[in-house]
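Here's the structure we're looking at; comments come further down.
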Amino acid sequence: MSTARVAIVQFPGVNCEAESARALARVGLAPEVFRWTRPASELRDFEAYVVPGGFSYQDRVRAGALASKDPLLDVLADAAERGKPVLGICNGAQVLVEAGLVPGGGTVELALARNRMPGRAGYHARWVYARVEASPCVFTRALPKGVLLPLPVAHGEGRFTSAEPGRIAALLRAGQAPLRYARADGTLARRFPENPNGADADIAGLCNARGNVLAIMPHPERAQDLGAMCRSIDGGWGERRDRALEGMNDPGEGPYDAGPGLAFFEGLRRHLRES
Amino acid sequence: VSAARAKRRVVQAWVEPASDDPEAVSATMVARAHLPAARGVAALRRVRVFELDGALPDEAGIAALLHRSTQFYNPHKERCHVRGSAGEPPPLRFDEHAVLVWERDGERRPAAERWWTHETGRSIVVREGVAWAVRFDPGADARAGLDGLVVLRDRRHGLLCNPHAQEFRVGDGDVPLPWFPPSRATRATRRRTES
């Protein structure tokens, strides 16, 4: 069986393509950085897509707004329609939402609005807990419901919201929110800083109804190594990190062993193998 | 009636980059290339608009205060035009249509308000949005063009305002002053500053 090719769609200003490629390669996929200057038609040949984080087009007009108009997004929309997996991370999530690929159907139904934080404004970076919810999402459906994944966030516009009354509630009911911000004890975040941006219903990630397109604000590719995890993270993942760092020269668990973020890429590999 | 209440008024500060604005250039290119209804857009200018609401000094005094703080603008890179009354024309070309876009419930600038209070001893309300000045090709349907350019609906329609997080107001003909509608939070603050 040949290795599945995954395109990492790079717009100018994107800055997470290298770590996204490394995460994909680690789980046995074949990543290829696909720059915006290439013909859009060449993007059709891939089996899955990652739209990575960064600041596409310098966040001009609004984060993700200009990239969402690029002809490459027409290819991604077509691929999504045919069931190919598409993962948008942070700025990539903003692009997918602005393009109407999430929650799907092509009409823009959401915004990733400016962070709403008490007593502060602007860009905010920290580690958070994302709780996995029951969902058809191909990237997370193999994970047990309720499991906590410590992941970093770093953004100024990450607040999932909709002006349409009841839309967010409907997405929750449909299982299209596979990730929600939580506290260390597993309960929903409810407020800052556990919910780092004021997102409606503590939503950290949304997918389309079919589950093959996921937009997430946390950065799983930055949490692919145990040793990269923040010291503030405790629980099982924190213990593994401490063991990894203490035993850096031991043959056992080391700082470059799989961290919590790799689960999304494992989920993608599993889905591609099964489909 | 307090003295502050008697003098209360709203002025606008229009802040524009002194050199070519890459954001406006990009928005123009994307509109022309990818939004069918906005192909007639000839050029876009992006102007940050502040509205100051409270007991204010004269226009020269306001301009001097704004010039001193990067809460408002950087005089090395931007220029500022103070518009003191609705009778004064805004800094727009005769053939430009203006659209104000702001973050829903996020137009207030608390840090700028604190700076103003620190400098003057008076509390005011500061709101900020982006005014897009749109010029169309000769013969283009401006109304259809604005419709296709402003409100984001899908990949082929709208760019400047995502209605799920932002509000907009078109300044057809005369640009109103005030341009922002009073929000509930703004009205509450105004009551506090006037009492």
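Quick note: numbers below take in every heavy atom, side chains included, and nothing from hydrogens, waters or symmetry partners. Here is how names work: the chains are called A, B, and so on, in the same order as the sequence lines, proteins then strands, and each is numbered from 1.
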When rounded to the nearest 0.5 Å, the distance separating CZ of A:Phe160 from NE2 of B:His164 is 13.5 Å
With a sphere of 6.0 Å drawn around CZ of A:Arg191, does it hold more than 12 non-hydrogen atoms of other residues, nucleotides or ligands? no
Taking B:His157, B:Arg153, B:Arg104 one by one, which has the highest count of heavy-atom pairs under 4.5 Å against chain A? B:Arg153
Nearest non-hydrogen partners of A:Leu73 and B:Arg155, listed with the distance: CB-CD, 4.0 Å
Count the heavy atoms of every other residue, nucleotide or ligand shown that sit under 6.0 Å from CG of A:Asp45, and state whether that count exceeds 12. yes
Just wondering, are more than 12 heavy atoms of other shown residues or ligands nearer than 6.0 Å to CZ in A:Arg126? yes
Side chain B:Glu23, main chain A:Val61, donor-acceptor under 3.5 Å: yes
Select one option (side chain, backbone, both, neither) describing which atoms of A:Ser68 are under 4.5 Å from chain B's heavy atoms. backbone
In sequence, state the C-alpha distance, the side-chain angles, and the governing distance for A:Glu98 and B:Leu159, and then conclude on side-chain contact (heavy atoms from CB on, under 4.5 Å). CA-CA 9 Å; A:Glu98 287 272 328; B:Leu159 175 65; over 6 Å; no
Heavy atom to heavy atom, less than 4.5 Å: which residues from residues 76-86 of chain B reach chain A? none
Indicate yes or no: at least one non-hydrogen side-chain atom of A:Pro71 is less than 4.5 angstrom from one of B:His34. yes
What heavy-atom pair brings A:Leu66 and B:Ser26 nearest, and what distance separates the two atoms? CD1-CB, 3.4 Å
Strictly less than 4.5 Å between heavy atoms, which residues of residues 102-120 of chain A line up against chain B? Please order them by number. A:Gly106, A:Thr107, A:Val108, A:Glu109, A:Leu110, A:Ala111, A:Ala113, A:Arg114, A:Arg116
A:Arg62 vs B:Gln166 side-chain heavy atoms within contact, under 4.5 Å: yes
Should we count CD of A:Glu194 as having more than 12 external heavy atoms under 6.0 Å? yes
Using a 6.0 Å cut-off, check whether atom CZ of B:Arg9 has over 12 heavy atoms from anything other than its own residue. yes
Between A:Asp59, A:Asp74, A:Asp70, which has the largest tally of heavy atom pairs under 4.5 Å with chain B? A:Asp74
Enter the distance from B:Asn162:CG to A:Glu157:CD here, rounded to the nearest 0.5 Å. 10.5 Å
Determine the option with the most heavy-atom pairs under 4.5 angstrom with chain A, choosing from B:Cys161, B:Pro22, B:Pro163. B:Pro22
